[in-house]
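Below is one structure; the comments refer to it alone.
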Amino acid sequence: MQAELHKRFTLNLFIQGAAAHTYITAHHLVRDELELLEPGMVRLYDKLAVNLHLCQWLGDMFLILGRPRTFWRTLGDPSHPFHGHAFLTKHGRGLAEAALRDATRRARRLHTSAVPGIHYAETLWLLGRTVVREKKHRRALEQLGVQATAQIWGIDAARLSGSLTSSVEFGNLQTPTTRAGRMLRAAAAGYGGVVRESGRFQVVARAWTWPLLAHELTKGTAELVCLHGLNRLDDATYQSVTAEADRIEHEVWMIQAGGELWRKFLAAIPNRQLAGKIALADSLMHVARLKPEPLEQFAMDLVEHPLTARATLADLFDELPPADQSG
């Protein structure tokens, strides 16, 4: 059980990391279409996305969850939620700090603030401005969200459903058991996940704005892909593992460390995959199907030995059979 729990934590790093990276990049895939809908939208999304991403370290998150440095420094405490996870213990803090530096550099280039207080006020202004400008283009923007996600992952757009709405909850959401979890649930501006419809898994995402929608669509898609790494668990084990690992209060930390890990994963994908011969979804699927210890070693290699990780990923395509895409 412990090994499967730690595997789920590692997979959540990839899931949340993919979503975090998509958050600040996806709108450039459809920049021409966005500018046709509303001139200046790409620039607005650039600023909003980086400001909202910085909220993982500043603003409400700081008040609800405490100091990130304190969280990452105390993984040795037996009461820490990630205690005993070797990869996070060794590299979680470094990855989170690298991601914060990257977000701060992006904010500086866009002439937005990373100073607490000023940043929060600017984020609220950008969010309000975005919601107003998106209102008359809602349907077209939803379609562009699905289009960009399908393009990134190389999957059928018919399996994706995205909605721009203020009512973001859907499905059987886990009930928070902590004060922080309840506060984060009440403040959520987007949800993405997997639902079963007519015997088939579908990705569903709902969010206030387009960058958040792209984030949630990717999170749901990555979750769908990673189900290939959990489908051998019996129902009781699956429920126990996900109930412990998928708490809403863990998401901020997974986003902080996962974004930088995801960029290292993208850099490790062999050239034949990058050339478009194999979809990104297949690359993550093969990683998700690794057993707990090889998965942890692969994550370690992404940080410590990138060339080894690249060779491992190339070998997986030769060793593992293709997954069944019909379920």
Side-chain angles (χ1 to χ4, degrees), residues 4-23 49 52-68 70-72 74-75 79-83 85 88 92 95-96 99-100 120 123 127 162-163 165-195 203-209 211-227 230 238-259 261-262:
E4 293 297 340
L5 175 62
H6 286 177
K7 175 178 177 176
R8 180 61 178 179
F9 279 143
T10 305
L11 290 180
N12 281 348
L13 278 171
F14 284 105
I15 291 168
Q16 297 290 351
H21 180 72
T22 301
Y23 196 27
L52 287 175
H53 189 49
L54 277 168
C55 285
Q56 307 304 319
W57 289 268
L58 308 173
D60 289 349
M61 297 307 175
F62 178 84
L63 296 175
I64 295 172
L65 294 171
R67 292 172 58 87
T70 301
F71 179 87
W72 291 113
T74 57
L75 270 81
S79 65
H80 196 287
F82 302 151
H83 176 72
H85 191 284
L88 282 170
L95 290 170
L100 176 57
Y120 189 68
T123 300
L127 185 61
S163 301
T165 176
S166 59
S167 302
V168 297
E169 294 188 1
F170 67 91
N172 298 316
L173 297 175
Q174 187 179 134
T175 301
T177 58
T178 64
R179 177 175 175 271
R182 289 188 290 270
M183 294 176 69
L184 291 170
R185 172 82 173 267
Y191 279 102
V194 180
V195 300
V203 174
V204 175
R206 297 179 180 177
W208 289 4
T209 68
L212 284 168
L213 184 64
H215 172 98
E216 298 297 342
L217 280 167
T218 278
K219 186 169 73 175
T221 302
E223 171 65 25
L224 175 63
V225 172
C226 285
L227 287 177
L230 302 171
Y238 175 82
Q239 294 298 332
S240 296
V241 166
T242 54
E244 178 64 27
D246 295 357
R247 296 184 179 186
I248 192 170
E249 55 266 43
H250 295 343
E251 288 192 11
V252 169
W253 313 118
M254 291 294 175
I255 289 173
Q256 286 188 10
L261 181 65
W262 183 254

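The structure displayed is predicted, hence computed values, not measured ones.
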Item checked: H215 side chain vs Y23 backbone, donor-acceptor pair below 3.5 Å -> no
Next item on the list: Would you kindly say whether Q56 and W253 are connected by a side-chain donor-acceptor distance under 3.5 Å?
Entry: no
Next item on the list: Decide, yes or no, whether a salt bridge links R185 with E249 under the criterion of side-chain N to carboxylate O below 4.0 Å.
Entry: no
Check: Say you draw a straight line from NE2 of H80 to CG of L88; how long is it, rounded to the nearest 0.5 Å?
Finding: 8.5 Å
Margin query: Could you measure the distance from the CD1 atom of I64 to the OG1 atom of T178? Nearest 0.5 Å is fine.
Written below: 10.0 Å
Checklist line | Where A207 and L213 come nearest, the two heavy atoms and their spacing | finding: CB-N, 3.5 Å
Item checked: Test side-chain contact (heavy atoms from CB on, under 4.5 Å) applied to I15 and W262, step by step -> CA-CA 9 Å; I15 291 168; W262 183 254; over 6 Å; no
Check: Considering all heavy atoms of both residues, which atom of N12 and which atom of A245 are nearest to each other, and what is their separation?
Finding: ND2-O, 3.5 Å
Next item on the list: May I ask you to say whether K7 pairs ionically with E4, meaning some side-chain N is under 4.0 Å from a carboxylate O?
Entry: no
Note to self: Hydrogens and angles aside, do T218 and H21 bring a side-chain donor and acceptor to less than 3.5 Å of each other?
What the structure shows: no
Note to self: Quick check: do Y120 and L58 have side-chain heavy atoms less than 4.5 Å from each other?
What the structure shows: no
Check: Looking at side-chain heavy atoms only, is the closest gap between H85 and T10 below 4.5 Å?
Finding: yes
Check: Is the closest side-chain heavy-atom distance between L100 and L54 below 4.5 Å?
Finding: yes
Check: Taking T70 for the side chain and G66 for the main chain, is one N or O donor matched with an acceptor at less than 3.5 Å?
Finding: no
Item checked: Separation of I248 CD1 from Q174 CD (nearest 0.5 Å) -> 9.5 Å
Next item on the list: Starting from the C-alpha separation in whole Å, work towards a yes-or-no answer on side-chain contact (heavy atoms from CB on, under 4.5 Å) for L184 and L65.
Entry: CA-CA 9 Å; L184 291 170; L65 294 171; 4.2 Å; yes
Note to self: If I compare all heavy atoms of V168 with all of A189, which pair ends up nearest, and what's the gap?
What the structure shows: CG1-O, 3.7 Å
Margin query: In this structure, is the centre-to-centre distance between the rings of F82 and F71 below 6.0 Å?
Written below: yes
Checklist line | Closest contact, heavy atoms only, P81 versus H250 | finding: CB-CE1, 3.5 Å
Next item on the list: State whether E223 and R8 are salt-bridged, where the test is any N-O pair (Lys NZ or Arg NE/NH1/NH2 against Asp/Glu carboxylate O) under 4.0 Å.
Entry: yes
Margin query: Would Q256 and V252 count as a side-chain contact (heavy atoms from CB on, under 4.5 Å) here? Give the steps.
Written below: CA-CA 6 Å; Q256 286 188 10; V252 169; 3.7 Å; yes
Next item on the list: Kindly compute the distance separating NE2 (H6) from NE2 (H83), expressed to the nearest 0.5 Å.
Entry: 8.5 Å
Margin query: As a quick check of understanding, evaluate side-chain contact (heavy atoms from CB on, under 4.5 Å) for E251 and Q16, giving each step before the final call.
Written below: CA-CA 7 Å; E251 288 192 11; Q16 297 290 351; 3.5 Å; yes
Margin query: Ignoring hydrogens, what is the shortest heavy-atom contact between A20 and G259? Give both atom names and the distance.
Written below: CB-CA, 4.3 Å
Note to self: Would you say that Y238 contacts L227 through its side chain, given a criterion of any heavy-atom pair below 4.5 Å between the two side chains?
What the structure shows: yes
Checklist line | Taking every non-hydrogen atom, the tightest pair across V204 and F170 | finding: O-CZ, 3.3 Å
Notebook entry, point to check: Which distance, rounded to the nearest 0.5 Å, do you find between the OH of Y191 and the CG of L212?
Noted result: 12.5 Å
Note to self: Between S163 and T165 (side chain of the first, backbone of the second, donor and acceptor by atom type, cut-off under 3.5 Å), is there such a pair?
What the structure shows: no
Next item on the list: Verify the neighbour count for atom CH2 of W72: are there more than 12 heavy atoms of other residues, nucleotides or ligands below 6.0 Å?
Entry: yes
Notebook entry, point to check: Are any of the side-chain heavy atoms of C55 and T123 separated by less than 4.5 Å?
Noted result: yes
